[in-house]
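Below, each value reflects all heavy atoms present in this structure, side chains not excepted, and no hydrogens, waters or symmetry copies.
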Amino acid sequence: MFNNLRGALAFTLIAGVTWSCGGDRLTTSQLPEAEDDVGRGASKLAADGSLAQASVIVRVRQGQASLSGVTVEFARSVSGRAADFAWSGETDARGRARVEIAGNRVSGYYRARAMHGGTALGSWSSIPVNAGYESTVELPIGEKPRVTGSLRLTPGGLPEQILIGLVLPWEETQRPFSQPIMNGFELARAEINGSSRLGGASISFVVGNSRGTAEGAVEAFDNLIHHDGVPVILGPALSTGAVAAFPVAQQNQVVAFSSTSVVPGLSAIGNYIFRAGLSLGVLVPGGVELTKDKLSYRQVATMVDESDFFARASDEALNSALTGADVEILARETFETGDSTFVEQLTRIQALNPDAVFVSGISPADRVRILVEGRQLGIPFNVPFVVPELTVDEVQAAGKAAEGAITFTGWVRTATTPGNQEFVENYTAEFGSDPNHWAAQSFAALHILSEAFANANSTDVNAIRNELADIRDLDTILGQFSFNADGDAVYDPVVLIARGGKFEIFE
């Protein structure tokens with residue numbers, strides 16, 4: 001499935017050009033044929049000086065090891081003239097540097113050299129640079145250079161195609177979680193590509209399968225970073241994967257932007273990490289404060305999936321918020337993802353006659369079963385089930401058993417935030433179902449990211465990171481959106497109650 005997804009969604013335009021040092025020219029050209037100019041050989045393109053801008057993304061390596069902290073300098077090769085290394089960049093943790101070349105006549109052949117601490121590590125010649133294009137170039141120490149890709153630049157300076165990585169759990173049992181997220185991304189991508197937001201540039205996805213595990217998320221991040229060379233990864237979707245994969249992004253200086261992971265503290269892993277979902281440290285205390293007095297609960301029971309990272313973090317946040325609000329926790333029942341029944345735990349809870357039951361779990365099937373079995377056992381409807389991040393799909397699957405269930409979340413379909421009603425209508429028309437908060441957060445995340453691309457006017461990782469960090473009070477379907485100093489989302493949370501198979505604002 002992973003290979004099929006990559007084949008279907010990766011639209012990378014690869015030049016596949018090879019050449020030699022010492023004045024030799026291109027032997028083959030497989031530049032993209034989408035435009036008339038692009039079909040011409042690179043040597044002809046190099047002679048076209050009508051444009052005044054080009055970008056070169058270089059990777060410096062020794063063998064297979066990437067070299068970071070290396071200054072890469074480019075100079076135009078002009079017969080009879082000494083090299084003037086006027087354009088430069090410094091390699092990041094992946095050994096990559098962006099060199100922006102501008103002038104009256106940009107197209108031509110260039111020399112490059114790699115310097116570290118005043119010492120020359122390597123030099124290369126006969127590198128073609130084409131005005132109006134972004135090229136990717138391998139510079140291996142002691143070996144010949146190699147162009148690996150070439151994309152036309154838009155008039156604004158962005159490449160015509162912006163490649164973004166996605167990391168989702170694509171196992172069949174996790175589709176109820178991952179599919180709405182993917183739908184939200186795809187709907188946003190269609191809107192952005194159909195607009196003038198990016199000045200003619202379009203977004204393409206390369207999808208990695210995290211398999212719902214920490215190991216899978218790390219593997220997907222490694223592939224997207226080192227094989228596909230993406231500047232941004234949207235994901236991982238799950239906090240279990242995020243806690244393991246975020247450090248990989250930080251170490252390699254690639255932006256990781258998760259639309260749905262909400263375990264507290266993960267964005268603080270580093271300055272390349274961002275999240276669109278409200279942290280449980282914001283959602284849960286606010287939800288408890290709003291519901292406690294109106295529901296008059298003083299003694300409650302809790303249930304937690306101890307096999308899941310998100311569920312344990314949710315339970316911890318609930319325990320802290322409830323204790324701080326002088327609410328007594330009569331019992332803490334545990335279970336594991338995929339348990340066939342929850343009757344024993346619910347029977348013990350029923351005997352305690354709590355005022356409310358708080359459930360922390362990640363599996364939609366488990367949460368639905370808990371609601372259904374609880375009501376079947378006779379837990380009365382005046383004892384509400386409170387489930388952070390419960391979805392409308394789960395409410396509908398539970399049927400009457402979900403009546404009166406309460407959730408803490410960051411989005412509601414009836415909100416009058418900018419573009420929200422249009423989003424709901426378009427999503428329903430496209431996918432035949434109501435969007436949930438995971439779809440909404442993912443839709444908003446890609447629009448937020450496109451704002452950063454447009455403001456940076458570049459696919460440079462550091463420029464994108466800086467623009468994301470500077471976002472303040474941006475109008476989104478989630479409301480006015482900002483990032484705090486750690487990269488966590490800041491907007492207004494909401495508390496919802498299930499009525500007749502739908503969510504309403506909890507009054």
Quiz question: by atom type and distance under 3.5 Å, do the side chains of [X] and [Y] form a donor-acceptor pair?
X      : Y      : value
Ser363 : Thr337 : no
Ser267 : Asp488 : yes
Gln161 : Ser202 : no
Asn209 : Glu171 : yes

[X] (side chain) donor-acceptor with [Y] (main chain) under 3.5 angstrom:
X      : Y      : answer
Arg472 : Ala469 : yes
Asp315 : Ala311 : no
Asn436 : Thr391 : no
Thr136 : Ile57  : no
Ser195 : Ile192 : yes
Ser442 : Trp438 : yes
Asn223 : Asp228 : no
Asn455 : Ala452 : no
Glu422 : Gly419 : no
Arg189 : Ile203 : yes

Shortest non-hydrogen contact from [X] toward [Y]:
X      : Y      : answer
Pro354 : Ile349 : CD-O, 3.2 Å
Ala201 : Asn193 : O-OD1, 4.5 Å
Ser458 : Phe453 : O-CD2, 3.6 Å
Ser279 : Arg275 : CB-NH2, 4.4 Å
Val167 : Ser210 : CG1-CB, 3.6 Å
Ile181 : Ser259 : CG2-OG, 4.1 Å

Working to the nearest 0.5 Å, report the span between [atom1] of [X] and [atom2] of [Y].
X      : Y      : atom1 : atom2 : result
Asn319 : Glu316 : CG    : CD    : 8.0 Å
Leu318 : Ile329 : CG    : CD1   : 8.0 Å
Leu278 : Gln441 : CG    : CD    : 7.0 Å
Ile477 : Arg413 : CD1   : CZ    : 12.0 Å

Evaluate salt bridge (charged side-chain N to carboxylate O under 4.0 Å, His left out) for Glu306 paired with Arg332, printing each intermediate quantity in order. CA-CA 11 Å; Glu306 282 208 319; Arg332 179 182 183 270; 3.1 Å; yes
By ring pair (Phe, Tyr, Trp, His ring centres under 6.0 Å) - contacts of His437 (at least two apart):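 His437 satisfies ring pair (Phe, Tyr, Trp, His ring centres under 6.0 Å) with no residue once adjacent residues are dropped.
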Heavy-atom distance under 4.5 Å between the side chains of [X] and [Y], does that happen here?
X      : Y      : result
Leu266 : Ile273 : no
Gln250 : Asn271 : yes
Val254 : Tyr272 : no
Ile406 : Val387 : no
Thr459 : Arg98  : yes
Thr409 : Val494 : yes
His447 : Arg197 : yes
Phe246 : Ser258 : yes

With ring-ring contact (aromatic ring centres under 6.0 Å, His included) as the rule and sequence neighbours excluded, what pairs involving residues 327-357 come up? Phe335-Phe342
Provide the full list of ring-ring contact (aromatic ring centres under 6.0 Å, His included) pairs with a residue in residues 471-490, sequence neighbours left out, each pair given once. Phe257-Phe483, Phe274-Phe483, Phe481-Phe483, Phe481-Tyr491
Show, in sequence, the C-alpha distance, side-chain angles and deciding distance for Glu467 and Ile464, and conclude whether the side-chain contact (heavy atoms from CB on, under 4.5 Å) test is met. CA-CA 5 Å; Glu467 291 297 339; Ile464 297 164; 5.9 Å; no
Is there a salt bridge (charged side-chain N to carboxylate O under 4.0 Å, His left out) between Glu172 and Arg175? Walk through the geometry before answering. CA-CA 5 Å; Glu172 193 63 35; Arg175 282 301 183 95; 5.0 Å; no
Determine the sole option in Arg59, Arg94, His226 for which the side chain to side chain donor-acceptor pair (under 3.5 Å) test with Ser66 is passed. Arg59
Count the heavy atoms belonging to other residues, nucleotides or ligands that lie under 6.0 Å from [atom1] of [X], then report whether that count exceeds 12.
X      : atom1 : value
Gln421 : CD    : yes
Glu100 : CD    : yes
Asp475 : CG    : yes
Glu344 : CD    : no

Decide side-chain contact (heavy atoms from CB on, under 4.5 Å) for Thr476 and Thr417; before the verdict, give the C-alpha distance in whole Å, the side-chain angles of both, and the deciding distance to 0.1 Å. CA-CA 7 Å; Thr476 73; Thr417 50; over 6 Å; no
Among Val372, Ile379, Leu371, which residue meets the side-chain contact (heavy atoms from CB on, under 4.5 Å) test with Arg375?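 Output: one option passes, namely Ile379.
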Which one of Val300, Ile497, Leu295 satisfies the side-chain contact (heavy atoms from CB on, under 4.5 Å) criterion with Pro384? Leu295
Between Val343 and Leu346, does the side-chain contact (heavy atoms from CB on, under 4.5 Å) criterion hold? Intermediate values first, please. CA-CA 5 Å; Val343 170; Leu346 290 165; 5.9 Å; no
Parallel, tilted or perpendicular: which describes the rings of Phe423 and Phe443, with under 30° parallel and over 60° perpendicular?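 Rings of Phe423 and Phe443: tilted, 30 to 60°.
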Checking side-chain contact (heavy atoms from CB on, under 4.5 Å) for the pair Thr291/Phe408: CA distance, chi angles, key distance, verdict? CA-CA 10 Å; Thr291 58; Phe408 310 149; 4.1 Å; yes
Contacts table for residues 499-507: side-chain donor-acceptor under 3.5 angstrom, sequence neighbours left out:
unit_1 : atom_1 : unit_2 : atom_2 : d
Lys502 : NZ     : Asp434 : OD2    : 2.6

Provide the full list of salt bridge (Lys or Arg N to Asp or Glu O under 4.0 Å) pairs with a residue in residues 357-366, sequence neighbours left out, each pair given once.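 Salt bridge (Lys or Arg N to Asp or Glu O under 4.0 Å) check on residues 357-366 returns Asp366-Arg369.
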Going by the rule salt bridge (charged side-chain N to carboxylate O under 4.0 Å, His left out), which residues pair with Arg312 if we only count those two or more places apart in sequence or in a different chain? none
